[in-house]
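Have a look at the structure below before the remarks.
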Amino acid sequence: MDVSRRSWVEEANNPACEFPIQNLPYGVFRTDGGKHIGVAIGARILDLHACACQGLLNGLLAEVVGACKAEVLNPLMALGPAAWSALRARITELLDADEAHESTRRRVEPLLTPMREAAMELPAQIGDYTDFYASIHHATRVGRLFRPENPLLPNYKHVPIGYHGRASSIVVSGQEICRPWGQTKSAEASAPVFGPTRAMDYELEIGALIGPGNALGMPIAIEEAERHVFGLCLVNDWSARDMQAWEYQPLGPFLAKNFATTISPWVVPVAALEEYRVRGPERAPDDPAPLEYLQSPSAERDGFDVTLQVLLESSKMREAGMDPLVVSVGNLRTLYWSLAQMVTHHASNGCNLRPGDLLATGTISGERNGSEGCLLEITRTQGPLALPSGEQRYFLEDGDRVTFRAQAQRDGLPRIGFGACAGTVVERDQPG
Ligand code: CA
């Protein structure tokens with residue numbers, strides 16, 4: 001990463017900007033002109049479809065130029081790291097204050113759309129969605145609620161636990177989330193009831209969107225795993241805890257999870273996070289070593305130092321013009337399993353990953369109070385959350401808006417932001 005690089009898009013050089021020239025996340029945006037692939041720079045979106053049509057990507061392979069004209073990122077994801085890096089280099093040239101000639105600038109400037117004039121769409125057609133359980137602090141804290149003596153199950157340190165989620169209900173940030181109805185049964189009740197969940201929760205996660213993927217029957221070696229990660233986004237795995245508690249045994253999460261999952265619209269390339277790599281998951285001295293297929297030769301740099309934030313705002317707070325409450329602050333580096341290990345494990349049985357598949361980390365929680373990635377962990381042990389409006393919350397109420405933010409930042413380095421992943425819980429119309 002060239003930290004001194006600056007863009008002629010002036011606002012991108014502001015140290016507070018989430019989208020400097022060193023970030024360049026991909027997304028899909030809609031304007032009157034249609035649905036196009038774009039790249040975020042400052043407060044604007046560079047239209048890659050238009051760049052491709054106007055010859056600004058000439059010199060790149062025809063398949064790369066073609067992929068930029070698609071309405072989703074899947075064709076670009078399928079091309080792999082060499083294509084991604086060539087395209088990224090070209091976009092950087094077009095936006096660089098020193099490299100872009102005045103004539104280039106004049107051609108590129110009209111292809112920038114202010115973000116406020118565009119509607120963001122899902123970045124990819126997501127064929128399959130898998131959710132892991134990679135935070136040992138989340139697994140331990142939640143496990144303790146059910147098994148105080150033995151919170152962590154015996155398989156946890158050997159196998160990256162996950163389940164298959166549902167892709168059809170993945171929505172982009174900003175869409176309202178209907179409170180789901182389902183079966184619940186309290187401990188005191190003799191029979192279940194059907195109705196709206198009373199225990200609506202969020203789960204703070206990071207998602208990896210898959211690049212080329214593997215053929216059915218062909219595993220992905222751990223040293224190859226990151227070649228299959230196109231980029232990262234924020235994920236909110238909305239969860240109905242009361243439904244979950246009643247349905248999860250013996251086959252795991254089902255309707256308590258699959259009613260909605262929100263993702264952020266911008267996909268941050270792994271290349272933008274190179275300077276923010278850190279050691280992969282730390283294992284305590286008496287922890288078992290991972291089995292050989294999960295041992296990474298680059299464990300020294302398999303982690304990512306990305307700060308994650310959960311903000312909550314009730315409708316009362318919104319009406320009163322109050323700032324959202326920062327509920328917690330966590331970090332992607334605290335996971336017990338790396339993204340590379342999750343990819344390799346997922347394909348280890350021969351299961352094929354395809355371009356645009358979403359692999360989410362599971363709730364990311366730190367060890368300390370204040371870094372929990374969901375309300376369940378906070379309110380079951382510390383009591384209700386006090387909102388600045390005088391309200392309190394065990395779980396989410398209708399009108400509550402949950403926003404996740406993430407950024408990598410360090411003195412002397414550009415800030416790499418993920419944008420926002422937001423959703424507001426609303427009451428569902430009663431089924432007829
Ligand atoms: Ca989850």
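Order of appearance sets the numbers: ligands from 1, and atoms from 1 within every ligand.
- Take the N/O/S atoms of Asp237: the one nearest the Ca ion (ligand 1) is OD2.
- For Arg147 and Glu149, the salt-bridge test fails: no basic side-chain N is under 4.0 Å from an acidic carboxylate O.
- Glu203 contributes OE1 as its N, O or S atom closest to the Ca ion (ligand 1).
- Here Arg410 does not pair with Glu275 in a salt bridge; the nearest charged N to carboxylate O distance is not below 4.0 Å.
- Between the Ca ion (ligand 1) and the N, O or S atoms of Asp131, the shortest distance is to OD2.
- Aromatic ring centroids of Tyr26 and Phe230 lie under 6.0 Å apart.
- Looking only at atom types and distance, the side chain of Ser239 has a donor-acceptor partner in the side chain of Lys257 under 3.5 Å away.
- In terms of distance to the Ca ion (ligand 1), the nearest N, O or S atom of Glu205 is named OE2.
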